[in-house]
Amino acid sequence: MNKNERFVKKITPKSADFSRWYTEIIQKAELADYAPVKGMMVIRPPGYALWENIQQLLDKRIKESGHSNAYFPLLIPESYLQKEAEHLEGFAPEVAWVTHGGQEELEERLAVRPTSEAIIGNMYAKWIKSWRDLPVLINQWANIVRWEKVTRPFLRTTEFLWQEGHTAHETKEEAEKETLMILSLYKDAVETDLAIPVIAGKKTEREKFAGALETYAIEALMTDGKALQMGTSHNLGQHFSKVFNIRFEDRNQNLQYAWQTSWGVSTRLIGAVVMAHGDDSGLKFPPKVAPIQVIVIPISVGDWKENVLPSAQNVESELKKAGLKVKLDDREEFTPGWKFSEWEMRGVPLRIEIGPKDIKEKQVIAVRRDNREKEAIPFNALSQRVPEILQKIQESMFEEALKFQRENTHELQNYEDFKTVIEAKKGFIKTLWCGDPACEDEIKEETMATIRAILMEKEEEKIQGKCVRCQKPSKFLVFFARAY
RNA sequence: CGGGGCGUAGCGCAGUCUGGUUAGCGCACAGCGUUCGGGACGCUGGGGUCAGGGGUUCGAAUCCCCUCGCCCCGACCA
């Protein structure tokens, strides 16, 4: 049998039509379904289980780095949102408003939060009086509503789930340090847990968060060559503290405005996992976040319920004891072949087959989802060998994605090459830029590519040269890409 | 919000151009039987406000008007 043979025949091949493959696999694998309200989706159990795993791992990291969880209200008075002009301007087009309570029209409209800087800033003003109150390090897991014109499951939905961290500090340096610490926390989480390599960097003015001093982001390359922003970390400076009046008396008894940050990742991460790892057979989940890590499939021949099923149940309970997320598929209405394809489509990292031949040999057959490699594992080695294989899968999925990212990162200095590459191969283009927003806008107009990240490597020799487009002296080393 | 495509059973579609018995097909679903190491097969059966509203007509899935929704490609965004 050809290792690359395509067994799943009910979805559009990824290579044929990426967008279609994406929306089909999400529905077939029951990650999400469309809800009655435009742009809203239901996250179904397999999709939500994936989110819970991501959430759990990330929450642990956030807490370990000193933050605590809290919860702020869903509704924000219009006047609060209006305080930061740039912030309001940025979000106004996509805010959903509550205008009535029951039959009664409200005196002041209430915004369904598009993000929580405004409400949190207001509360911080009440809580922060002295340098001794700082830093404030709070995170919240919440839902957000943004009335987007074009939506796609997980990538851009009207309502989405996320975590948003909001911190306040004594000094600008401390806020900047927090912003960068979170950026690397995100990078590490996404690379280690989701097995997706990312580029971490600073955003340009045009891509910056509405109301921030600086925005940093992690960007990943999807398998269709487009970039996806997977997380952002903002240094808010004193923009919000000034309008919300978050003042404190510092160590020298001077009244000062607090320095703030905010940062978040959302259910978009699920879309990233789907697009960065999936293939023509369907989903491919990294073991660390997979809702089911091992699927046990008894080979149902003859009196399999007496001869095979008990051994399969033993395998299941042994692996459960080893702390793994295991499921035994003992349904009699489906053939083993059907089950192989089904669980492959749903992205389960490892399949264990057990049939009469294996029982005679006191072993099982393990098949990896990522490369379909088969391996016989003796019964008595299960609890030791299976976790090892899962770890290998996690690592090689990252290696595979990293290889893809490298192969699709083109370093070049010539604008004609830039245009050709972005059109033909997409991917990242690593090049030099003058720093002029007008130049950036023109590149976007001409190629649909935007600056995804400004590299923070400071070595002077790396940024010496000419802007890829205007040929003026360059100031930044940047990554361009067409983005989601 | 612009351009394009589409809406008929849970899913995928035919039927619409050229109005006319009871709206079909495949998959899925239910029952029974035979199967089962890479998406098995036979027989039987259930399931439809033809997206919604209005109009034309003796008669509308089909023609006309309006509304809504979904997908793709742009502009905007996590």
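Only heavy atoms go into these numbers, but all of them, side chains included; no hydrogens, no water, no symmetry mates. Being a predicted model, the structure only gives us computed values, none of them experimental. Below, read A as the first sequence line, B as the second, and so on, with proteins coming before strands; counting in each chain starts at 1.
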To the side chain of [X], which of [options] is closest?
| X | options | value |
| --- | --- | --- |
| K374(A) | rC36(B), rC71(B), rG38(B) | rG38(B) |
| S19(A) | rC73(B), rG39(B), rC29(B) | rC73(B) |
| F340(A) | rG38(B), rC72(B), rC76(B) | rG38(B) |
| K357(A) | rG38(B), rG37(B), rC29(B) | rG37(B) |
| V150(A) | rC36(B), rG38(B), rA75(B) | rA75(B) |
| R268(A) | rA75(B), rA78(B), rG38(B) | rA78(B) |
| D358(A) | rG37(B), rC72(B), rG39(B) | rG37(B) |
| S300(A) | rC71(B), rC36(B), rG38(B) | rC36(B) |
| E94(A) | rG37(B), rC77(B), rA78(B) | rC77(B) |
| P356(A) | rA78(B), rG38(B), rG37(B) | rG37(B) |

Quickly work out the [X] [atom1] to [N] [atom2] distance and round it to whole Å.
| X | N | atom1 | atom2 | answer |
| --- | --- | --- | --- | --- |
| E423(A) | rC73(B) | CD | C1' | 13 Å |
| E24(A) | rA28(B) | CD | C1' | 16 Å |
| L228(A) | rA78(B) | CG | C1' | 9 Å |
| Y484(A) | rA75(B) | OH | P | 14 Å |
| F334(A) | rG37(B) | CZ | P | 15 Å |
| W338(A) | rG38(B) | CH2 | C1' | 13 Å |
| E332(A) | rG39(B) | CD | P | 20 Å |
| D329(A) | rC36(B) | CG | P | 18 Å |

Within the structure shown, what part of the strands sits under 4.0 Å from [X] by heavy-atom distance: base, sugar-phosphate, or nothing?
| X | result |
| --- | --- |
| T450(A) | nothing |
| V265(A) | nothing |
| I144(A) | nothing |
| K203(A) | nothing |
| M230(A) | nothing |
| E353(A) | base |
| G39(A) | sugar-phosphate |
| G355(A) | base |
| R206(A) | sugar-phosphate |

Query raised in the report: Under 4.0 Å between a side-chain N or O of Y34(A) and OP1 or OP2 of rC71(B)?
Result: yes
Practice problem: Answer yes or no: does a side-chain N or O of R152(A) lie under 4.0 Å from OP1 or OP2 of rC72(B)? | Solution: yes
Hunt down the Watson-Crick or G-U wobble partner of [N], both distances under 3.5 Å, from any strand shown, or write none.
| N | result |
| --- | --- |
| rC32(B) | rG42(B) |
| rC58(B) | rG20(B) |
| rG74(B) | rC1(B) |
| rG48(B) | none |
| rC6(B) | rG69(B) |

Reading nucleotides 8-14 of chain B from 5' to 3' and marking B where a protein heavy atom lies under 4.0 Å of the base, S where only the sugar-phosphate is that close, and - otherwise, the string is -------
Exactly one candidate in E446(A), E416(A), E445(A) meets salt bridge (Lys or Arg N to Asp or Glu O under 4.0 Å) with R469(A); the answer is E446(A)
What integer number of Å spans the [atom1] atoms of [N] and [M]?
| N | M | atom1 | value |
| --- | --- | --- | --- |
| rC32(B) | rC6(B) | C1' | 40 Å |
| rG46(B) | rG31(B) | C1' | 11 Å |
| rG42(B) | rU35(B) | C1' | 11 Å |
| rC13(B) | rC50(B) | C1' | 13 Å |
| rG19(B) | rA60(B) | P | 14 Å |
| rG52(B) | rA9(B) | P | 10 Å |
| rA14(B) | rC63(B) | P | 15 Å |

Assert: residue with more 5' nearest nucleotide on RNA chain B, out of P153(A) and F160(A), is P153(A)
The residue, K339(A) or G302(A), whose nearest nucleotide of RNA chain B is more 5′ is G302(A)
Min side-chain heavy-atom separation [X]-[Y] under 4.5 Å:
| X | Y | value |
| --- | --- | --- |
| E191(A) | F398(A) | yes |
| R206(A) | T450(A) | yes |
| S262(A) | E164(A) | no |
| V326(A) | I292(A) | no |

Are any side-chain N or O atoms of R146(A) and backbone N or O atoms of T115(A), one a donor and one an acceptor, separated by less than 3.5 Å? no
Looking only at the side chains, is there a donor atom on one of W21(A) and S19(A) sitting less than 3.5 Å from an acceptor on the other?
no
- Item | Test item: side-chain donor near acceptor, S396(A) and D370(A), under 3.5 Å | yes
Ring geometry between Y415(A) and F418(A) (parallel below 30°, tilted from 30 to 60°, perpendicular above 60°): tilted
On the six-membered ring of [Y], is [X] placed so that its NZ or CZ lies under 6.0 angstrom from the centre and within 45° of the ring axis?
| X | Y | answer |
| --- | --- | --- |
| K226(A) | Y484(A) | yes |
| K83(A) | Y80(A) | yes |
| R351(A) | F340(A) | yes |

Kindly check if the number of other-residue, nucleotide or ligand heavy atoms within 6.0 Å of CH2 (W147(A)) is above 12?
no
Could you go through nucleotides 43-48 of chain B and list every protein N or O atom that sits under 3.5 Å from one of its N or O atoms, giving the distance for each pair?
none

Any N/O donor-acceptor pair, T335(A) side-chain to rC36(B) base, under 3.5 Å: no
Quick one: the side chain of R146(A) and the base of rC77(B), do they pair up donor-acceptor inside 3.5 Å?
no
Here the pair of heavy atoms bringing L194(A) nearest to I54(A) is CD2-CG1, 3.8 Å
